[in-house]
Amino acid sequence: MLACVLAAWEPDPEPKVEGTGVPGQDLRNRDVWVIVRCFNEAPVVGAVLGELLEEFPNVVGVDDGSTDGSAEVMRAAGARVVRHAVNLGAGAALQTGLRFALLDPAAHYFVCFDADGQHRVADAVAMVERMRREDLDILIGSRFLEPSGGIPAGRRALLRAARLFERLSSGVSLSDAHNGLRVFTRRFAGQVELTMHDMAYASELLRLVAASGLRYAEHPVTVLYTEYSLKKGQRSVNSINIAVDLWMQRIFGRRRG
Amino acid sequence: MIVIKPLLILCVVGLLVWAFRNRARVGMRAGMKVAGLLLTAFAIAAIVDPGLTQALADVVGVTRGTDLLLYVLVVVFAFAAVAGYFRFRDLENRLVDVVRAQAISEAIHAEGMPGADRGL
């Protein structure tokens with residue numbers, strides 16, 4: 001019943017209001033939902049959400065079954081929290097966040113943002129602004145569009161290999177295959193149905209982008225390789241697991257209905 | 001004998017792929033049960049008359065009956081392994097659906113629909 005009321009509620013005729021000047025009543029980006037997946041990131045996620053909330057009024061933290069009190073930290077920071085009772089994986093958490101944010105009929109843009117502090121809020125803001133200007137449905141962050149140092153050599157080589165793998169398996173050609181910073185319009189977000197629940201979702205997402213036929217582009221972003229994010233990041237060996245899972249799915253078909 | 005090997009391998013792989021693409025169908029599940037029964041019957045027969053595996057091996061073109069048993073064992077194990085993988089994945093999908101539905105409904109119950117605080 002609440003949903004009916006909300007569906008009838010219409011957003012302001014001019015949604016691109018630049019801010020009212022009244023603290024806490026900023027109307028900027030109220031048609032944007034930021035989705036932050038979080039699994040045991042309590043030491044950093046509070047600061048990340050705090051920064052995000054300065055620019056985006058709608059932030060949902062998806063706590064993927066953390067055991068370190070991440071959910072409480074996120075709630076204290078002022079974000080909405082959706083909590084998985086058990087750990088399901090990165091892909092499942094993103095899907096949950098999208099599904100939750102899509103319930104807001106005023107939501108037009110969906111930003112995926114990592115919880116470990118590796119992305120800059122300024123990049124997310126710039127990406128949303130570009131989405132408003134250009135006719136795009138998917139905008140994906142890339143570390144490689146601009147020459148930026150700071151990417152460890154081993155990681156750089158692995159990301160290049162991942163890029164080749166994506167190109168071969170999805171047909172989508174991107175300079176940075178696994179950047180967690182992405183912006184979707186409602187049109188694309190509404191049709192995302194991830195079946196890969198772990199880290200392999202990134203590749204599946206690119207296949208969905210290719211299959212949707214919608215317009216996508218890349219946006220140069222800076223990834224902050226803090227000691228924390230490097231320690232928490234995926235281990236390189238995991239790319240073998242991901243590749244095998246993806247090809248198993250391709251050969252044997254998707255889940256039954 | 002040399003020609004039969006790649007053919008057999010192709011058959012096994014093809015059967016495996018076909019079986020798991022159609023694993024949800026009722027006929028497939030029934031087929032697996034019939035296969036299980038046949039296997040049991042064969043096992044009993046082989047125990048009663050040990051010469052049976054050798055006779056079968058001769059028919060198929062395998063040197064020894066024990067080798068034939070080994071081949072069958074490998075195929076059955078491969079089937080079981082892949083079946084386990086997919087069974088596990090189907091279960092995981094269901095778990096994800098349940099946990100997600102619970103998480104979202106709990107969030108809405110606690111603080112209302114997303115964006116509701118703005119408009120109302």
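Within every chain, numbering begins at 1; the chains are lettered A, B, ... in the order of the sequence lines, protein sequences first and strands thereafter.
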Do you know which of A:L102, A:V86, A:V62, A:T96 has the most heavy-atom pairs under 4.5 Å to chain B? A:T96

Write down the atom of A:A85, the atom of B:Q102, and the distance for their closest heavy-atom approach. CB-OE1, 4.1 Å

Nearest-0.5 Å distance that lies between atom CD in A:Q95 and atom CZ in B:R100: 5.0 Å

Minimum heavy-atom separation for B:I108 and A:F100, please, with both atom names. CG1-CE1, 4.1 Å

Mind running side chain to side chain contact (heavy atoms under 4.5 Å, CB included) on B:I104 and A:L103 for me, showing each step along the way? CA-CA 10 Å; B:I104 290 178; A:L103 290 172; 3.9 Å; yes

Would a 4.5 Å heavy-atom cut-off, applied to side chains only, mark B:M113 and A:D104 as touching? no

Those residues that, when tested against A:H84, pass ring-ring contact (aromatic ring centres under 6.0 Å, His included) (two or more places apart): none

Just how far is it from atom CZ of B:R89 to atom OG1 of A:T195, taken to the nearest 0.5 Å? 6.5 Å

Which heavy atom of B:G115 sits nearest a heavy atom of A:W33, and at what distance? N-CZ2, 3.6 Å

With only heavy atoms counted, which part of A:V81 is less than 4.5 Å from chain B, the side chain, the backbone, both or neither? backbone

Between the CD atom in B:E106 and the CZ atom in A:R83, the distance rounded to the nearest 0.5 Å is 8.5 Å

